[in-house]
Amino acid sequence: AGAPLPYRPGLRAMAPGGRQSVVVVWFKTTDLRTHDHEPLTAAHATGKPVLHLFVQDPRWLRATPLGGFPRTGPLRARFQLEALGDLAERLRSEGHALSVRRGLGAAQVFEELCEDFDVAGVYASSEVCSEELRVEESVRQVLHKRGAGPLNLFWTYELHHHADLPEDVRRKGASGFSGWRRCFADRCRVRPPLPRPDFAKSAPGARWARSEQLPEDVAELGLPPAPPLDGRAEVAWQGGETAALRRVQEYFFASDAIAVDFAGATNFPHDGHSSTKEGSLTKLSPWLSHGCLSARWLFAELKRYEKERHKTDSTSRLVHELYFRDFVRFSSLLKGSKIFKLDGIYGRHPPGGWLQDTEILEPWRKGETGYPFVDAAMRELGATGHCSHAGREVVAWFLVCDLGLDWRLGAEWFESMLIDYEPASNWFNWAFTIVPRATGGNSIQEEASPYQPPRTRLQTLEVVYWAAQHDPDGEYIRRWVPELRSLPTPHVREPWRATTVAPAVAVRDRRAPAEERPPPVAKERERIGWARRTFSPGGNDIEVWWFSRFGASSAPAAAAVAAGAAVVSGAERKVDPADGKAYSASELREKYRGQYTAKEIDKYFQSQCSAVEKARVDPEDGQEYTLTELRAKYRGKYKQREVDEYFGSTCTTPKERPRGTAATAALAPAPSLAPDSRGGSGGD
């Protein structure tokens, strides 16, 4: 017999057992592209037939452990299917195919693959989160057990390669983002992006008989239908590399928006920097998070733009954001499963613990808290899967500081809803940026401290402060909270200022100096801390808290839509559900003067206000409370049924008030918190 024929592209390379010898490119949800894709380039350079694989793992569709939300909601699932369809078409046009397996975990799929092929090697992107690292290890074990080639990993998501970081930074990190940023700028280099492989040289690629069709709709994944594209959104996102490259061209070279309009994810007040203004954000994050767009290729295009067109503060901000992306990924690798644990990366809890209460969570999820900037961001998120970085931080701080809810419920909701979700960027940002606001800060943000218990007064000043910065004309709020559209600009951001209720005096925190003066406006962090210590807890400065407690459906506006109210007269007093206080009809008219007509207020008085409750004495503190007031006092600590039973059986009428010291309240202990979210693992 003659010498064996050398391998030539286009001919099948057969292993001794009759199985085709292949190398595998294992695509993931974070590298769905063909440009600057090192695993793809390396696999096609081997000279062997290449099998391109995507595993649609069922774990992505499971319910989150605390909130029961789908880990991948309909909006992101639709974007992923579009991105996969675009990738499959790009490969098909070059003589290759995307093999898809559904309903199985990655390890099971590689077991099948090793049965059908002689797998000479697998090429894939590196992971940083604990769950993904476990999946990666399970595949490595299958390959070893089956005698297959190695699992070769590459850094495709990040701007920098992990191996290019200084050894000390790889081992222990840097000092916060500032330290990482200095490291990236002074001690690292960004590698140039790789060109697309020459697919023609390796065509036709390998085909797998077990490959399945991509789902045509999210309903095939067991998800509810994705909402139609919302006309209020600035960008109609479509998944895939094709749409991503088109967006870069439009934002950079066709409009010069990157140099003129881009404000970035700014947390600090700069004149004219609004993240809600059209063009102020690149809106590239969904494509970057799914790997439809390479960070290194984007960096190279930005440098080309600066050389050919303009270099401005705005273009520099985009580099800053790409640095922050790497900071989050590499820090998540160092922190491990801590970013998913209840006590977070600093091991701290708020003084009163974390609350899990769906009744309080629901208005936040739906954008019905009564705080316009919070509600606008949450409604935009629900309709589009996206909102600005400023909006995300404000609603998250509000959840943990003002509602006192378990931060993991918010992180799970973001995981389900965000079209640009990636596990490290979501969970690390919650653990690093959000949790310290409720738990007393960290070594970098010591001014972040809870000054009052949750649900007593507004503590997230950015709800008002950032609303003024990012939505100075109120157009963003009017777009997403249309029921406020008719209010003038000052009031559309702070509708409580239209009330006639006098401001309450803030309870001064004992940690604040007695003769404290406001810091200069330029010292933003010090000024926010001062404002949080002195901000009014009530009155027309913030008289809207009842929205958060009762939901928007209980607001006077809900009753005011009914016409034909009867005239109310007399001295009868009823309880307004907005604040739980008793008013006569004339007093209620005065309270809502200028907001509703007298006819609407009278109708509200008759149909929505309840009879004045009789008070009883709570032996826990010897004070008198109505049932409504007692429910509010113990909200979040005990179930409503328990409070009602306690009111009827243990609380006494004023004449029966026990003498001496107050008795110990006989309420059942509060339920224990659920286990750590995700079992300490990462996202999809």
Side-chain angles (χ1 to χ4, degrees), residues 25-40 52-61 70-94 96-102 106 124-125 127 132 156-158 193 196-197 199 211-221 223 225-229 233 235-251 282-298 325 384-386 415-426 683-684:
V25 177
W26 176 18
F27 284 99
K28 302 179 181 179
T29 56
T30 51
D31 63 356
L32 302 178
R33 65 175 183 271
T34 59
H35 72 275
D36 188 38
H37 196 296
E38 197 169 356
L40 190 65
H52 306 88
L53 174 69
F54 181 79
V55 181
Q56 204 154 42
D57 198 315
R59 66 190 172 90
W60 300 333
L61 301 172
R71 290 179 65 180
T72 302
L75 284 166
R76 189 164 78 256
R78 178 175 65 192
F79 187 93
Q80 286 180 0
L81 291 180
E82 292 169 348
L84 286 164
D86 184 73
L87 175 62
E89 176 57 28
R90 282 177 170 266
L91 292 172
R92 187 201 63 76
S93 67
E94 299 284 356
H96 294 266
L98 180 65
S99 297
V100 177
R101 291 295 280 135
R102 299 166 53 187
S125 297
E127 301 287 0
E132 287 69 28
T156 64
Y157 187 90
E158 297 78 11
R196 285 185 179 83
F199 290 108
S211 178
E212 302 165 84
Q213 293 292 321
L214 282 168
E216 293 186 2
D217 188 80
V218 299
E220 292 186 42
L221 301 174
L223 294 171
L229 296 175
V235 175
W237 283 290
Q238 181 180 9
E241 182 178 2
T242 303
L245 299 179
R246 183 169 59 243
R247 173 64 180 174
V248 173
Q249 174 65 26
E250 292 171 353
Y251 197 80
T282 67
K283 302 293 178 79
L284 292 172
S285 60
W287 291 296
L288 282 166
S289 66
H290 285 85
C292 304
L293 192 62
S294 155
R296 284 186 286 274
W297 182 87
L298 181 63
R325 247 173 124 251
T384 69
H386 186 276
E415 176 176 355
S416 181
M417 295 302 297
L418 284 171
I419 195 174
D420 58 4
Y421 171 82
E422 184 273 327
S425 67
N426 182 58
D684 46 322

Please confirm whether the backbone N or O of [Y] pairs with a side-chain atom of [X], one donor and one acceptor, at under 3.5 Å?
X: R78; Y: V218; value: no
X: R102; Y: Q213; value: yes
X: R71; Y: L61; value: no
X: K28; Y: S125; value: yes
X: E241; Y: L32; value: no
X: W287; Y: Q238; value: yes
X: D31; Y: G291; value: no
X: R92; Y: L87; value: no

Less than 4.5 Å apart, any side-chain heavy atom of [X] and any of [Y]?
X: V235; Y: R247; value: yes
X: T156; Y: S294; value: no
X: L298; Y: V248; value: yes
X: P70; Y: L223; value: yes
X: S285; Y: H386; value: yes
X: H35; Y: L245; value: yes
X: R101; Y: Q56; value: no

(Q) Could you check whether R90 and T242, counting side-chain N and O atoms only, form a donor-acceptor pair closer than 3.5 Å? (A)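 Yes, side-chain donor-acceptor contact under 3.5 Å.
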
(Q) Taking the six-membered ring of Y157 as reference, does the cationic atom of R325 (NZ for Lys, CZ for Arg) lie under 6.0 Å from its centre and within 45° of its axis? (A)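 Positive - R325 is close enough to the ring of Y157 and near enough to its axis.
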
Measure across [X] and [Y] and return the closest heavy-atom pair with its distance rounded to 0.1 Å.
X: T72; Y: A77; value: CG2-N, 3.7 Å
X: V100; Y: S211; value: N-OG, 3.1 Å
X: G385; Y: L75; value: N-CD1, 3.5 Å
X: A106; Y: D57; value: N-OD2, 3.8 Å
X: I419; Y: P286; value: CG2-CG, 3.7 Å

Q | F27, F79, W237, Y421 screened by ring-ring contact (aromatic ring centres under 6.0 Å, His included) with H290, the one that passes | A |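 When F27, F79, W237, Y421 are each tested with H290, the ring-ring contact (aromatic ring centres under 6.0 Å, His included) holds only for F79.
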
Q) Are R196 and E94 close enough for a salt bridge, meaning some N to O gap below 4.0 Å? A)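 E94 and R196: not salt-bridged.
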
Measuring from atom [atom1] of [X] to atom [atom2] of [Y], what distance do you get when rounded to the nearest 0.5 angstrom?
X: L288; Y: T30; atom1: CG; atom2: OG1; value: 12.0 Å
X: L98; Y: H96; atom1: CG; atom2: NE2; value: 12.5 Å
X: T282; Y: Y251; atom1: OG1; atom2: OH; value: 6.0 Å

Q: Start with the C-alpha distance between S289 and D420, add both sets of side-chain angles, then the distance that settles side-chain hydrogen bond (donor to acceptor under 3.5 Å, both in side chains), and finish with yes or no.
A: CA-CA 5 Å; S289 66; D420 58 4; 5.7 Å; no

Q) Would you call the rings of F54 and W60 parallel, tilted or perpendicular, where under 30° means parallel and over 60° means perpendicular? A) tilted

